[in-house]
Enquirer: 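The structure that follows is given in the form of C-alpha cells.
Quick note on labels: first sequence line is chain A, next is B, and so on, each numbered from 1.
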Amino acid sequence: MQVGYACINQTLGGNCDRTFKETGSRCGSCFKCLGGKPKSKIYTNRTCIARTFDINTVSQKIVANLDDLLTILRWNEDHDIRFMRLSSEMFPFMSHDRLGYEIEELPDADQILLKLRQIGQYARDNEHRLTFHPGPFNVLSSENSDTVRRTIHELNCHSRIFDLMGFEQTPYNKINIHLGSGSQDHDGARSRFIENFALLDTNTQLRLTLENDDKGNMFSVADLIPVHEATGIPIVFDYHHHQFCTGGLTEQEALELAISTWPDGITPVVHYSESRTLEQGGEAPTPAHSDLCHGPMRLYGNDVDIMVEAKAKELAVFTLDIMMG
DNA sequence: CATGGTCAAGTGGCA
DNA sequence: TGCCACTTGACCATG
C-alpha cells in the first residue's frame, strides 16, 4: 500500500498562503515559513496563457517543470512517499488545437526527452507509482464531436509521456478521467463513451481508468460497471464522491466492486478526501476538498494505493488515519 | 514587488 | 444568469 498526493508539494513550493488565509495557520515547513527565497520555489505547474504563448518560453518552462518533478520525487523518497499524480500543466498547451506541439519539435526536445527517461528510470528504480488525472474538459462521452476529438488527442498526449518515461502500458500508471455528460441520459453517455474509447491509441486505452462522480445524477461505481464490462477499464473508487452518489451501495460494497475491476497484479487506486465544509465546522458535507485528513479512512482489509486529494497536499498525507479493518 | 484581474477547454448544479 | 466545483493556481499588467 502506498499513499500519495496530487501535483503540488507545498513544502518545496512554498504555497501555503491559501491554507493560511482560510485556516489562519501556516504549514510551518514550506520555504516561506522557513524563511526561504521565492527563487527557490520548486513546482511543476509553470504554464502560460494563450495570448502570450511562445514556443521557446514554453520549452524552457517544460525543462524547469521536469527538473522540479525529479526534485519532488527525491523529496518524496526521503519521506517514504512513493505515489504521485503528475500535473497536466507540465506540458502547457500540448494538445491545444492551434498552439499544440509535438515534444520532438520543441527547441529543447533532446533535453526534455532525456529528462523524461530519467524520471521514468528514477520511478522504476525506487518503485514510485506515477499517474495522471487530466482535467474536467476531457469528456469522451460528449455529444460534441470537437470535444471528443480534443479529448482523444489530450489523452493520447498524456499516454505518450508515460511511454517516453519507459513505463509499461497498464493502469499501474493510470490516466484517470470521469465518464462525463450523462446526467440526463446514462445509457447514451455510456454508449458514446464506449464508442469513442475505441478511437484512442492502444497505449491510452490500456492506461485509462474511470472514477465515480460526486453528483447524484452522475455515475456511481455501479453505474460504471457496464462500461468496465464492455471495455475492461478499471474503476477508481473515490471515497468522498461516493457520499454524494452511492448507487445504492455501502462504502465497502462500492470499494470492493471497484477493486474487482482491476487486473491481477496491479494494485487498485482509490482517491481519498474529505469535505471542506465539514472541516470548517459546517453542518452538511459538500464536494469541495478539505485541507487535511481527519478520518478515519476504512480499507475493510483491502490492499490499495491511496491518492489523497486534500488541499494541503503532501502535508495531508501525514494526517491520514487509516483503519485497515 | 505586491496586488487583482484574467486565464484553453466541458458539464452539472446551485444561488 | 452567473458562479462554483472539479485536475491544479499561475500569469501578467498595473500601481
Enquirer: Taking the side chain of Cys48(A) as heavy atoms from C-beta outward, which of dA10(C), dG10(B), dC12(C) is closest to it?
Expert: dC12(C)
Enquirer: Minimum heavy-atom separation for His228(A) to Ile235(A), with atom names?
Expert: CB-CD1, 4.3 Å
Enquirer: Quick one: is dC12(C) close enough that its OP1 or OP2 comes under 4.0 Å of any side-chain N or O from Arg51(A)?
Expert: no
Enquirer: Whole Å only: how far is the CG atom of Asn176(A) from the P atom of dT8(C)?
Expert: 11 Å
Enquirer: For Gly182(A), answer base if it contacts any base atom (sugar-phosphate contacts may also be present), sugar-phosphate if it contacts only those atoms, and nothing otherwise; contact means non-hydrogen atoms under 4.0 Å.
Expert: sugar-phosphate
Enquirer: Looking only at atom P, what distance separates dT7(C) and dC12(C), rounded to whole Å?
Expert: 26 Å
Enquirer: Between dT8(C) atom P and Glu154(A) atom CD, what is the distance in whole Å?
Expert: 14 Å
Enquirer: Would Arg124(A) pass as a cation-pi partner of Tyr122(A), given that its NZ or CZ must be under 6.0 Å from the six-membered ring centre and within 45 degrees of the axis?
Expert: no
Enquirer: Provide, to the nearest angstrom, the distance between the CZ atom belonging to Arg85(A) and the P atom belonging to dC6(C).
Expert: 12 Å
Enquirer: Need to verify one output field. Residue with the more 5' nearest nucleotide on DNA chain C, Glu309(A) or Phe53(A)?
Expert: Glu309(A)
Enquirer: Heavy atoms only: give me the nearest Leu155(A)-Pro134(A) pair and the separation to one decimal.
Expert: CD2-CG, 3.8 Å
Enquirer: With rounding to the closest Å, how many angstrom separate the P atoms on dG5(B) and dC4(C)?
Expert: 13 Å
Enquirer: Among dT8(C), dG13(B), dC11(C), which is the nearest nucleotide to the side chain of Thr47(A)?
Expert: dC11(C)
Enquirer: Over how many whole Å does the gap from Met84(A) atom CE to dT8(C) atom P extend?
Expert: 11 Å
Enquirer: When you measure from the side-chain N and O atoms of Tyr43(A) to the phosphate of dC11(C), is any distance below 4.0 Å, counting only OP1 and OP2?
Expert: yes
Enquirer: Measuring to OP1 and OP2 of dC12(C), would you say a side-chain N or O of Thr52(A) lies under 4.0 angstrom away?
Expert: yes
Enquirer: In whole Å, measure the gap between the P atoms of dA10(C) and dG10(B) for me.
Expert: 23 Å
Enquirer: Go ahead and name the base partner of dT7(C); Watson-Crick or wobble counts if both distances stay under 3.5 Å, otherwise write none.
Expert: none
Enquirer: Determine the interatomic distance between P on dT8(C) and the same-named atom on dT6(B); round to the nearest Å.
Expert: 25 Å
Enquirer: Between atom CG in Leu179(A) and atom C1' in dG12(B), what is the gap in whole Å?
Expert: 14 Å
Enquirer: Please check: side-chain N/O of Asp214(A) versus main-chain N/O of His241(A), any donor-acceptor pairing under 3.5 Å?
Expert: no
Enquirer: So, is Thr147(A) near the phosphate of dG10(B), with a side-chain N or O under 4.0 Å from OP1 or OP2?
Expert: yes
Enquirer: Look at the side chain of Glu89(A) and decide which nucleotide, out of dG13(B), dC12(C), dT8(C), has an atom nearest to it.
Expert: dT8(C)
Enquirer: With a 3.5 Å cut-off and no angle check, do the side chains of His240(A) and Glu309(A) form a donor-acceptor pair?
Expert: no
Enquirer: So which nucleotide from dG13(B), dC6(C), dT8(C) ends up closest to the side chain of Asn217(A)?
Expert: dG13(B)
Enquirer: If only side-chain N and O atoms of Lys311(A) are considered, is one of them under 4.0 Å from the OP1 or OP2 phosphate oxygen of dG9(C)?
Expert: yes
Enquirer: Under a 3.5 Å cut-off for both distances, is dA8(B) Watson-Crick or wobble paired, and to whom?
Expert: none
Enquirer: What interatomic distance, in whole Å, is found between P of dC7(B) and the corresponding atom of dC3(C)?
Expert: 14 Å
Enquirer: Take the protein atom CE of Met90(A) and the nucleotide atom C1' of dT7(C), then report the distance between them rounded to whole Å.
Expert: 13 Å
Enquirer: Would Glu251(A) and Arg298(A) pass as an ion pair if we require N to O under 4.0 Å?
Expert: no
Enquirer: Distance-only, no hydrogens or angles: does the Ser141(A) side chain make a donor-acceptor pair with backbone N or O of Leu179(A) under 3.5 Å?
Expert: yes
Enquirer: Which whole-number value in Å describes the distance from Gln60(A) CD to dC11(C) P?
Expert: 14 Å
Enquirer: Kindly point out which of dG9(C), dA8(B), dG10(B) is positioned nearest to the side chain of Ile8(A)?
Expert: dG9(C)
Enquirer: Using only side-chain N and O atoms of Lys215(A), determine if any of them is under 4.0 Å from OP1 or OP2 of dA5(C).
Expert: no
Enquirer: How close or far is atom P of dG10(B) from atom CD of Gln184(A), stated in whole angstroms?
Expert: 19 Å
Enquirer: His178(A) side chain N/O closer than 4.0 Å to the phosphate oxygens (OP1, OP2) of dT7(C)?
Expert: yes
Enquirer: Side chain of Phe137(A), heavy atoms from C-beta onward: which of dC11(C), dG10(B), dA8(B) has the nearest atom to it?
Expert: dG10(B)
Enquirer: Would His271(A) and Tyr239(A) satisfy ring pair (Phe, Tyr, Trp, His ring centres under 6.0 Å), going step by step from the backbone distance to the final call?
Expert: CA-CA 6 Å; His271(A) 291 175; Tyr239(A) 278 73; over 10 Å; no
Enquirer: When you measure from the side chain of Asn45(A), which nucleotide among dT7(C), dG9(C), dT11(B) comes out closest?
Expert: dG9(C)
Enquirer: From the options dG9(C), dA10(C), dC7(B), select the nucleotide whose nearest atom is closest to the side chain of Ile49(A).
Expert: dC7(B)
Enquirer: Does a nitrogen or oxygen in the side chain of Ser88(A) sit under 4.0 Å from OP1 or OP2 of dT7(C)?
Expert: no
Enquirer: Looking at dC11(C), dC6(C), dG12(B), which one has an atom nearest to any side-chain atom of Arg46(A)?
Expert: dC11(C)
Enquirer: Between Lys61(A) and dC11(C), is there a contact of a side-chain N or O with OP1 or OP2 at under 4.0 Å?
Expert: yes
